[in-house]
Amino acid sequence: MNQDGYDHQSVEQRWQAAWDDDRVYRTPDSVSDPTYVLGMYPYPSGKLHMGHVRNYTITDAYARFRRMQGDNVLHPMGWDAFGLPAENAAKERDTNPRDWTFDCIDTMRGQMESMGFGYDWEREITTCTPEYYKWNQWLFRRLYEEGLVEQRDAEVNWCPDCETVLADEQVEGEAELCWRCDNPVEQRELEQWFLKITEYADELLDDLEALDGWPESVRQMQRNWIGRQYGTELTFDVEGHGPVEAFTTRVDTIYGATFFALAPDHPISQTLAAEDDEIHHFVHHEADPDGDEPNGIKTSLTATNPVTGQEIPVFVADFVLSDVGTGALMGVPGHDTRDHAFASKMGVEIIPVIAPSEDAVPDVSEGAYTDDGVLVNSDSYNGLDSETARDEITADTDVAEKTTQYRLRDWGISRQRYWGTPIPVVRCNDCGPVLVPESELPVELPAFINTTGNPLDAADEWKHTACPECGGDAVRETDTMDTFVDSSWYFLRYVSPDRSDVPFDLDRSNDWMPVDQYVGGIEHAVMHLLYSRFITKVLSDTEGLEHREPFSNLLAQGMVQLDGSKMSKSKGNVVSPQRIIEEYGADTARLFIMQAAQPERAFDWTEEGVRSTYVFLTRLWNLVNSFDPATAAGDDDSVAAYVRAEIDATIAVATEEYDSLTFNIALREAQGLVRTLRQYAEYTDPHAETFEYGLNTVVQLLAPVAPHIAESLHETLGGDGYIVDVAWPTSDADRSFAEKRRRLVQNTREDVRQIIDVAGIDNPKQIDVVVAPEWKYQALEIAVESDAPNVISEIMQIPEIRSQGDAAASYGQDLQAEREALSVGLARTDEYDALEAAAWLIEREFEAPVTVIEAAAAEQSVSKKATPGRPAIDIQE
RNA sequence: GCGAGGGUGGCUGAGCUAGGUCAAAAGCGGCGGGCUUAAGACCCGCUCCCGUAGGGGUCCAUGGGUUCGAAUCCCAUCCCUCGCACCA
């Protein structure tokens, strides 16, 4: 395949070694406020996949771009090294998670290096090392001291396959499958450690508004996840069982409450189940919270509506969930779809209490009316609108109170696994749970024991210890932390990875944080990104960190697909980055991925695309290597001027696009410039300086994405030092001006083609392109500016125009006719220059001499057709 | 059901936040030509319809509306993708 291509292997190996030797990507601690570019660190599975390649190529290219623009850049990498797969792998291979993990890390680091990613490896972090996880334990202690840790029995999601607890966020879909192994999750009651993220629910929600560097979709997902709802909590008195709290967002419908419902696991339901066989049967055998049908059973009890005093029947119903609201609710079938379905099924009364207007009471017998409206059938509240009624009813009712409910739950971090951060707690018979003192951190993991249960439980020697408080016998907490704890603050550790006395250097963090550009997969939209925001806020409140958000700008990169579907091992449609690197080189892989689509979009991997990218790089290589300034003896003529203008335009466009992370457009521009340069060299002997300028520009514009070949070509072109340190090219070109020029040239060429085609001209002898006279530009400008009803009289006030006589009148009529659509384009001289410079393109195409002339020098019959932005064209056969 | 983002020429995909220069960029595919012994690569052009001097017609999911003028703004409908969902 590559016998025809450039030798990517030697090029890439050479520069990787050179960068390494010279520590090119080192960010010294002394730099001030570097641009912090970060890709989500990977779990070290042992193999880089295309998703990683895309993710890290984006950050690498952006980091290199910013560096060439003169910024100090912080671009680190590390390993999310704890986690269950290592345990499973260790069991399968009869080794231990630690060795396996470090092997994987070594392999992946090697692959990253062969991709040419410019990381500061001296800042590498690995979460499974005691040096790192010590600070997870420290964090746990700090949270504990701040009252943000709680231990409680909890119904938890238990994955029988992974033998561990999962956070709500790790349970996926309606079928409730484990996010890692896709097995159904069960419920278990266990003593768990929780981090009280709910204390920050409001701030986590409200601060999303200001995160305008984040995609709306991610912010929306977090909003949904937090799920704040304003409503009213009110007390119903349940006969014989006392007061029961119920939450509602629609207290305005309380006059329509015709039943009361309890979750099957509500304490009252449990009591009733113990006394009543039918209820027992329902609770334990019939209730199906996952089913679509609302099921329930009527009890013999009634509840007192606190507003109306009415007695309503009490049901135990499976659609009432104990972890939503209070696990009890008032049923308003007239105005809630689900309550309506239930009431219809159970034969409960349905009455309308909200109407679109007072004299349009809706028929709710067949369906609920769920909109806000005006109250009816509600005594003294009749006639009030829903919103006012909610306020007044809540205010008037002693046992009602405005409250806010959240969907967000506290973050359960206990995992019954070995390969994680030990929770720094000791259980003493006398003192209860006691925190391990800071001086004794880290609590290190004992040697791995291959067992079916939790290996920490089996590590007797490690498990039995002395109580830090009383010195008595005690046992260690054998649970480890959710690995999302590790990743909730790792971005701070990169700032000062060597500090053994603090988790992060505070002053430097205040200077370097937040991460300016964070890049990763959308799958972390809620979990990782929410936890990181939470921990950052806590550290801000407790440790003096002056930032309350960790990531200013977030890019959720799209998938790399094959034939429209996600690459996955199970489908067997995986393209190995390793193979691509070997066959085509890292630069090709990087360039292909980056030019294929916008980074947030999914795109299809195609072998053909990769090949043509490789061909492109080879062509560029040959173009640069065959260029010899000594033999390029062309003049600095109009063609050179055209090429120069194109170079400058390319710089302007590419810079803008790099800046907004739309690499695909920037790269397309750069590739287009290569084409222009090749055409130039084919057409004529190029002007050495111009051509060299073009080549240098292309190489520099490609350097962030294809750094190895760029270094080589930079060297070939006689550049000093590394291209990573070369200043990003700049130009005075204005993008919109450049685009106007391009459009003018494009339109003119098309016009010539059309004339030749339509007029059936076989063999043009001479092509004249006539630029409109100055007075027409003047007239146009006046017409655009003018508010006068008739432009003709306006422009005729200018003597120069008036002196044109009929021609002026005629053009004035044209202007008047198109009055509203007029706009000023290029100035006459700019138009002339652009056409003059582009004349060679037309000459080359039609093999006829092209002359760009001023109107004054042309035949009247031809020049009269010329208008600003539209030269007259005269073709002689 | 709720929320977010979308529906552009054979395909992919810009433009749509600042309405006119948009028959609508770019790439792919297809067609023709050049180069070549030939193929590939490369280069040039065409690729909605009609047209013997740059013209005309129809067009950007569908149907309305605003405007001198709409792919671009507004409304409604349909469809697609993603997230959440028996959430009180």
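The figures that follow rest on heavy atoms only: side chains count, while hydrogens, waters and symmetry mates do not. The chains referred to below are lettered A, B, ... by the order of the sequence lines, with proteins before strands, and numbering in each begins at 1. If you're wondering where the values come from, they're calculated on a predicted model, not measured in any experiment.
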Suppose we define a pair by two distances each less than 3.5 Å, Watson-Crick or G-U wobble; what does [N] pair with here?
N      : result
G3(B)  : C82(B)
G55(B) : C50(B)
C35(B) : none
G27(B) : C11(B)

### Task
Considering just the side-chain nitrogens and oxygens of R407(A), establish if one lies under 4.0 Å of OP1 or OP2 belonging to A85(B).
yes
### Query
Taking only N and O in the side chain of R753(A), is any of them less than 4.0 Å away from OP1 or OP2 of G45(B)?
yes
Is [X] touching bases, backbone alone, or none of the nucleic acid, heavy atoms closer than 4.0 Å?
X       : value
Q405(A) : nothing
V752(A) : nothing
L744(A) : nothing

### Task
Salt-bridge test for E646(A) and R742(A): reply yes if a basic N is under 4.0 Å from a carboxylate O, no otherwise.
yes
### Task
From the options C86(B), A88(B), C28(B), select the nucleotide whose nearest atom is closest to the side chain of E608(A).
C28(B)
### Query
W621(A) and ring pair (Phe, Tyr, Trp, His ring centres under 6.0 Å): which partner among F616(A), Y614(A), Y6(A)?
Y6(A)
